[in-house]
Amino acid sequence: MHLQNRLLITITLTLVFAFLFVSWPINPSKAWSKKEPTATVLLAEQPLTEYKARREKLLEKTKNGIVVIMGEEEEDLGVEAKFRQNDNFMYLSGVEIPSAILVLVPEGYQGAKEWLFLPAPNKFLDQWTGPRPPITEQTAQAFGVERVASLSDFQKVITEMLTSEAFQKSGEKLYTVIPPSAYTRLIREEKFVEQVRKTSTTINLNPIAPFLADLRMVKSSPEIAMIQRAIDITSLAHSEVLKTVKSGIFEYELEGTILGQFYRNGAQRPAFPCIVGSGENTTILHYEKNRKKIDSGDLVVVDIGAEYNYYTSDITRTYPANGRFSARQREIYQLVLDAQTTAVKAFKLGQSTMHDLDTVARQTMSQSLLKDSKGNSLEQHFPHGLGHFVGMYVHDVGDYSHPLPVGAVITIEPGIYLPDESIGVRIEDDYLVTKTGLVKLSENIPSTPAEIEKLMAK
Ligand code: GLY
Ligand code: MN
């Protein structure tokens with residue numbers, strides 16, 4: 001059930017309302033005129049001003065087009081899954097209410113540029129999944145948007161907007177998420193696009209996703225703080241794994257330890273299914289079954305990430321089940337670590353792309369004297385990319401073809417996988433691109449073989 005989520009919304013709203021009433025004991029019409037969001041009111045621990053700034057930046061890119069972003073719908077009565085708002089909607093609004101819709105109208109409509117359509121309170125549904133806020137000016141203020149309206153009015157209002165004289169004069173550009181034809185997960189967006197196409201053949205439909213990807217690639221300081229928190233929670237899970245891992249226990253016991261640490265420390269969920277693979281399972285990249293008993297002499301790949309307030313982390317360590325690496329495990333481990341270190345050292349701001357760093361890591365492996373059992377280069381056993389952007393989504397949106405910009409957060413995660421030796425090693429850390437180079441945000445999670453053995457010996 002969604003109690004945690006609903007409780008959070010209720011508490012947030014209560015706090016926000018309390019703040020509004022304590023700080024502005026004014027009549028509603030005055031409150032309505034005081035539309036500027038304040039820096040002190042938070043949604044998902046980020047200031048209202050932060051969300052407002054993102055909406056304004058987006059409108060600078062889309063200029064005079066109308067932007068429509070659909071929130072995630074909740075499945076009936078919240079039985080099957082814990083609700084998670086979709087990333088683009090959350091990025092622009094901070095609003096976790098299921099089924100909400102955000103509309104940005106640069107010319108303004110009925111005096112408002114920002115419209116948030118919300119499901120109206122409903123006695124029956126509110127009892128199952130928690131209260132929905134009223135459709136009032138106070139709610140608009142609490143969310144830092146200019147206008148809230150009832151979701152049941154969305155069709156009528158959007159049709160009016162799209163057929164208005166101002167929209168026609170401005171070139172009839174509409175930006176929204178346009179689902180690829182075979183992508184059935186975006187049913188709501190698909191229906192909306194269909195409906196717009198039926199409303200008028202002259203409306204110029206444009207994808208909003210590339211603009212949002214550009215914005216989301218560069219993280220603001222509140223976003224970096226959220227990612228750091230997610231990393232710190234993941235760090236607590238890794239240090240618990242380090243204390244717990246041994247031969248004779250099951251992979252799922254470590255998964256239990258990890259999820260326990262995530263939830264105990266305030267994460268809302270894991271950013272992706274925990275990968276806890278021992279022995280031959282270390283060589284399956286996205287092994288998620290986690291059912292095997294850990295045997296003596298196994299390596300254990302633990303690839304995990306907590307999600308905190310819609311921001312993810314992704315950190316992998318490889319542990320020796322017995323607390324000591326065998327000579328062969330240790331030399332492969334060291335090579336993977338060297339590949340990571342050389343890639344980080346090779347980074348040049350304004351020049352390095354993800355692909356360049358990948359090339360450096362591969363060179364380190366191919367230049368090594370270590371070989372596989374048939375005498376081939378170990379670089380042949382590095383089958384995935386060196387890294388990816390991290391943000392609201394674990395493989396976050398961003399531009400892989402250009403130099404990495406200041407504010408991007410990436411993983412660097414080389415790996416070597418040798419199924420015939422039951423040896424798989426992956427080491428993954430999260431880095432922030434800064435003016436002075438890459439900063440390792442997961443610095444406090446030990447990764448040298450000596451540190452790992454020392455800590456496991458305790
Ligand atoms: N942590 C899993 C991945 O990056 O694919
Ligand atoms: Mn990763």
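The figures here come from the full heavy-atom set of this structure, side chains too, leaving out hydrogens, waters and symmetry mates. Both counts, for ligands and for their atoms, begin at 1 and track the order of listing.
Note: Leu299 CG to Tyr319 OH = 12.5 Å, rounded to the nearest 0.5 Å.
Atom NZ of Lys440 sits in a crowded spot, with more than 12 heavy atoms from other residues, nucleotides or ligands closer than 6.0 Å.
Ring geometry for Phe382 versus His384: interplanar angle over 60°, hence perpendicular rather than tilted (30 to 60°).
Considering only non-hydrogen atoms, atom 3 (C) of ligand 1 lies nearest to His395 out of His395, Arg426, Glu288. Ranked by closest heavy atom to atom 1 (N) of ligand 1, the top entry among Ile315, Leu285, Asp314, Thr316 is Asp314.
You'll find the side chain of Glu72 stays beyond 4.5 Å of the side chain of Met90, heavy atoms only. Put simply, the side chain of Ile178 reaches to within 4.5 Å of the side chain of Thr176, judged on heavy atoms.
Nearest to the Mn ion (ligand 2), among the N, O or S atoms that Asp314 has, is OD2. The name of the N, O or S atom in Glu428 nearest to the Mn ion (ligand 2) is OE2. Checked against the Mn ion (ligand 2), the N, O or S atom of Glu413 at the shortest distance is OE2.
Taking every heavy atom of His286 and a limit of under 4.0 angstrom, the matching atoms of ligand 1 come to 2 (C), 3 (C), 5 (O). Near His388, meaning under 4.0 Å from one of its heavy atoms, ligand 1 places the atoms 4 (O).
A centroid separation of less than 6.0 Å is found between the aromatic rings of Phe154 and Phe192.
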* ring pair (Phe, Tyr, Trp, His ring centres under 6.0 Å) between Phe389 and Tyr400, intermediate numbers included -> CA-CA 9 Å; Phe389 293 104; Tyr400 285 85; 4.8 Å; yes
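With 2.8 Å as the limit, His395 does not count as an N, O or S neighbour of the Mn ion (ligand 2).
Scanning the protein heavy atoms around atom 2 (C) of ligand 1, the nearest turns out to be Asp303 OD2, 3.4 Å.
At least one heavy atom of Glu413 sits closer than 4.0 Å to an atom of ligand 1.
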